[in-house]
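Whatever order the structure lists ligands and atoms in, that order sets their numbers, starting from 1.
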Amino acid sequence: MIEAGVFGATGYTGVELIRLLGRHEGVRLSLATSRSNAGRNLAEVFPGAPETDLVAPDQAPLEDLDVVFLCLPHGKSAEVAVAALQAGVRVIDLSADFRLADPDLYQQWYGLQHPAPELLDEAVYGLTETARERLPGARLVANPGCYPTSALLALYPLMLESAVSGQIIVDAKYGVSGAGRAPKLTTQFVEIAEDLRPYSIGRAHRHLPEMESTLAGWSDWQPRLLFSPHLVPIPRGLLSTLYVPLPTGWAEAQIHELFLETYADEAFITVLPAGEVASMRQVNHSNRCSIGLTVADGTLIVTSAIDNLQKGAAGQALQNMNVVFGLNETDGLL
Ligand SMILES: NC(=O)c1ccc[n+]([C@@H]2O[C@H](COP(=O)([O-])OP(=O)(O)OC[C@H]3O[C@@H](n4cnc5c(N)ncnc54)[C@H](OP(=O)(O)O)[C@@H]3O)[C@@H](O)[C@H]2O)c1
């Protein structure tokens, strides 16, 4: 039995992970932390959540754990990761702290000096379908961001075959839980209801360097992205629509076949029939990614839908844990 801890148990990704762990027969939740609700029970904070005692993070015993999931803000995660690794505990970090291999890039985009740059080389970027060689036995996994998960899975088959030419446009929409549970003016009901709002468009969003550096690792070519995220007044879900210029000679049927072949054995990826589009409802409350493909005027339009709290966060974290510990990858997730 794997003994697991969840730091940040009262956040949206933390509580989602605790619900998933409750369905996993090979894992026992031994620790759940919260600063603001220490001493209370998780079910008091989230009615319907598992009855789990909440412990203050600075009093959390690490020694008896096998793995910790860090559902914390960036900066804080790295501090806890250092302590956990020193105690011999594996770490799966849902924050951005270990996603960028370059500490200068981290400082530029996250406004912080990296708290543990010595760990960056060791961290495995856990887009599970593309990382199975490095994940088994890994001590530190950087769980990808939600936008990068949907966009990168939409581009992975194309990058492997160099079936991209020119600038890629990623137009993405996500639900408000993507911004976390802490109250902010920009995510209050009256501010967002009956609105659809782009933000950090073009080359201004923090997930841009994560996507571009991962793409560069799959090919000799460094693609440039234009990335326009939008906040949609719904609780959860993420849909990316990507516009990809195709090199001459690639036909729609060939692209479709490429995606079908690449993802043929994937339990969590559905390549839709040619011409069909992905939508949030196909995947919400699941760890799946749904991918649709259409070609128009030499441009491939890929639609890629995930649930931001599952495949975009807690579900993929559990999928990664399964691979790290050599368990069946779908345990607790189907
Ligand atoms: N939401 C998503 O869709 C999503 C997707 C992918 C990745 N992520 C990443 O996952 C992480 C968690 O996201 P979230 O949406 O779950 O955030 P959240 O809802 O705001 O929850 C954050 C959790 O961390 C705790 N916390 C906050 N500041 C802390 C500190 N300084 N020290 C210790 N604990 C602290 C909070 O509870 P207390 O204040 O009670 O301690 C809470 O339990 C973030 O790094 C986020 O970028 C989120």
Consider every N or O of [X] and every N or O of ligand 1, then say whether any pair is closer than 3.5 Å.
{"X": "Leu72", "result": "yes"}
{"X": "Gly11", "result": "yes"}
{"X": "Thr13", "result": "yes"}
{"X": "Ala313", "result": "no"}
{"X": "Thr33", "result": "no"}

Considering Asn37, Leu94, Val45 one by one, which has a heavy atom nearer to atom 9 (C) of ligand 1 than any of the others? Leu94

Give a yes-or-no answer on whether the side chains of Thr10 and Asn37 include a donor-acceptor pair shorter than 3.5 Å. no

Does a side chain donor of either Asp171 or Ser228 reach within less than 3.5 Å of an acceptor in the other side chain? no

Please examine the side chains of Val324 and Val67, heavy atoms only from C-beta on, and report whether any two atoms are closer than 4.5 Å. no

Any non-hydrogen side-chain atom of Arg139 less than 4.5 Å from a side-chain atom of Val91? no

Decide whether the shortest distance between a heavy atom of Pro73 and an atom of ligand 1 is less than 4.0 Å. yes

Could you list the atoms of ligand 1 found under 4.0 angstrom from a heavy atom of [X]?
{"X": "Ser34", "value": "38 (P), 40 (O), 41 (O)"}
{"X": "Arg181", "value": "18 (P), 19 (O), 20 (O)"}
{"X": "Ser95", "value": "45 (O)"}
{"X": "Gly178", "value": "1 (N), 2 (C), 3 (O)"}

Between Lys76 and ligand 1, which residue portion shows a heavy-atom distance shorter than 4.0 Å: side chain, backbone, both, or neither? side chain

Examine the proximity of ligand 1 to Ser177 and report which part, side chain or backbone, both or neither, has a heavy atom under 4.0 Å away. backbone

For [atom], which protein heavy atom lies nearest, and how many Å away is it?
{"atom": "atom 43 (O) of ligand 1", "result": "Thr10 OG1, 2.8 Å"}
{"atom": "atom 40 (O) of ligand 1", "result": "Ser36 OG, 2.5 Å"}
{"atom": "atom 31 (N) of ligand 1", "result": "Arg35 NH1, 3.3 Å"}

Heavy-atom donor-acceptor pair, Asn41 side chain to Thr52 backbone, under 3.5 Å: yes

To the nearest 0.5 Å, how far apart are CG in Asn320 and CG in Leu94? 9.0 Å

Yes or no, since that's all I need: does a protein heavy atom fall within a distance strictly under 4.0 Å of atom 22 (C) of ligand 1? yes

Got a protein heavy atom sitting under 4.0 Å from atom 47 (O) of ligand 1? no

Distance under 6.0 Å and angle within 45° of the ring axis: does Arg181 meet both against Phe46? yes

Give the C-alpha distance, both sets of side-chain angles, the deciding distance and a yes or no for salt bridge (Lys or Arg N to Asp or Glu O under 4.0 Å) between Arg99 and Glu212. CA-CA 12 Å; Arg99 295 182 197 153; Glu212 287 190 339; over 6 Å; no

Intermediate values then yes/no, side chain to side chain donor-acceptor pair (under 3.5 Å), Asn328 and Thr330: CA-CA 6 Å; Asn328 186 340; Thr330 58; 3.2 Å; yes

Ring centres under 6.0 Å, that's the criterion: do Phe98 and Tyr125 meet it? no

Mutual orientation of the aromatic rings belonging to Tyr147 and Tyr174 [parallel < 30°, tilted 30-60°, perpendicular > 60°]: tilted

